[in-house]
Amino acid sequence: MNIFYVDHFLDERSTAKATKEAERRQLVNEICGLKGRNSAPASGANSLSIHVLGAKGELAVAQYFNMEDEVFKDQIPTRGSVDLPPNIDVKTRSRHWMDLVVQLDDNPQKIFVHATCENDFVRLHGWTYGHRVMQDCFKQDPAGGRPAYFVRASVLHSMSLLKDFLVDLGYSK
């Protein structure tokens with residue numbers, strides 16, 4: 001199991017790219033009247049900050065895998081879509097000590113990458129298959145009324161292993 005992580009710093013260009021994508025997502029969601037997932041805010045500054053956080057994590061993972069041209073492909077929010085091919089969903093949280101969170105209705109066939117972001121400093125903690133962690137032993141409800149699967153970084157596989165898989169499959173360089 002993984003106890004090592006990868007640190008990734010987003011430069012000014014990358015931060016601007018992630019922020020632009022987050023603003024685009026926010027605008028599309030507001031135009032479409034979409035609600036925030038799992039009781040998250042649907043509009044305003046808090047909602048935008050969630051979009052920025054997610055976009056930064058996705059971009060950092062894409063850069064680590066040398067797949068930056070594959071990130072931010074969805075123009076319209078699509079339930080069940082992936083962040084990166086072939087089936088990768090990046091879950092980003094706002095503090096480096098936080099666990100990976102997988103929602104109860106996420107697809108168990110996806111690969112989930114756990115990223116945390118404080119400012120422009122992104123830590124890639126590791127990855128797992130959804131079906132491995134979508135089990136009762138990981139299910140918690142710390143906020144009350146919003147249960148999910150919370151997974152410690154020590155349970156995750158190393159980022160280098162996933163990168164090797166992606167290289168073998170021809171997705172990463």
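- Between the side chains of H8 and Q63, at least one donor-acceptor pair of N or O atoms lies under 3.5 Å.
- Using modelled atom types and a 3.5 Å distance limit, the side chains of S47 and Q26 yield a donor-acceptor pair.
- Considering every non-hydrogen atom in both R132 and F138, the closest pair reads O-CE1, 3.8 Å.
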message: Assess the residue pair H51 and L53 against the criterion (side chain to side chain contact (heavy atoms under 4.5 Å, CB included)); give the C-alpha distance rounded to whole Å, side-chain angles, the decisive distance to 0.1 Å, and a yes or no.
response: CA-CA 5 Å; H51 287 296; L53 183 69; over 6 Å; no
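- In this structure a side-chain-to-backbone donor-acceptor pair under 3.5 Å is missing from N87 to I111.
- Heavy atoms of other residues, nucleotides or ligands lying less than 6.0 angstrom from CZ of R152 number 12 at most.
- The shortest non-hydrogen separation linking I88 to P85 is CD1-O, 3.6 Å.
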task: Begin with the C-alpha distance, continue with both residues' side-chain angles, and end with the deciding distance and a verdict on side chain to side chain contact (heavy atoms under 4.5 Å, CB included) for Q103 and D106.
output: CA-CA 5 Å; Q103 300 301 325; D106 274 325; 3.5 Å; yes
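- P86 is listed as a side-chain neighbour of L166, based on a closest heavy-atom distance under 4.5 Å.
- The side chain to side chain contact (heavy atoms under 4.5 Å, CB included) test with F65 singles out one residue from V167, L162, L124, V71, and that residue is L162.
- If you check the side chains of N46 and S49, you find no donor sitting under 3.5 Å from an acceptor.
- Side chains of V6 and R123 form no contact here, defined as non-hydrogen atoms less than 4.5 Å apart.
- The shortest distance between side-chain heavy atoms of F9 and V122 does not fall below 4.5 Å.
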task: Given ring pair (Phe, Tyr, Trp, His ring centres under 6.0 Å), test H96 with Y5 step by step and report yes or no.
output: CA-CA 11 Å; H96 295 315; Y5 50 80; 8.1 Å; no
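- Considering all non-hydrogen atoms of both residues, A55 and F72 come closest at O-CZ, 3.5 Å.
- T15 and D120 are linked by a side-chain donor-acceptor pair at a separation below 3.5 angstrom, with hydrogens and angles left out of the test.
- Not a single donor-acceptor pair under 3.5 Å links the side chain of D74 to the backbone N or O of I76.
- Both L169 and V61 sit in one connected hydrophobic cluster of ILVMFWY residues. Membership requires side-chain heavy atoms under 4.5 Å apart, directly or through other members.
- Geometrically, K163 engages Y64 in a cation-pi contact defined by less than 6.0 Å to the ring centre and at most 45° from the axis.
- Counting heavy atoms from C-beta outward, V82 and K110 have side chains that approach closer than 4.5 Å.
- In this pair, W127 and Y129 present their aromatic rings perpendicular. The plane angle is above 60°, beyond the 30 to 60° band.
- Taking every heavy atom of both residues into account, P147 and L104 meet most closely at O-CG, 3.6 Å.
- To the nearest 0.5 Å, atom CG of residue D83 and atom CE of residue M67 are 10.5 Å apart.
- Here E58 contributes atom CD and K91 contributes atom NZ; the two are 10.0 Å apart, rounded to the nearest 0.5 Å.
- A 4.5 Å side-chain heavy-atom check between I50 and V52 finds every atom pair outside the cut-off.
- Minimum heavy-atom separation, K73 to E70: CG-O, 3.1 Å.
- Checked by atom type, the side-chain pair E118/S94 shows no donor-acceptor distance below 3.5 Å.
- Shortest non-hydrogen contact noted between V151 and V133 is CG2-CB, 3.6 Å.
- Remark: R24 engages E21 in a salt bridge, criterion side-chain N to carboxylate O under 4.0 Å.
- Counting only distance, with no hydrogens or angles, the side chain of H114 and the backbone of M98 share a donor-acceptor pair below 3.5 Å.
- In this structure, OG1 in T92 is found 9.5 Å from NE2 in H125, a value given to the nearest 0.5 Å.
- Counted by atom type alone, T128 and H157 present zero donor-acceptor pairs between their side chains at under 3.5 Å.
- Here the CZ-OG distance, from F165 to S160, works out to 10.0 Å after rounding to the nearest 0.5 Å.
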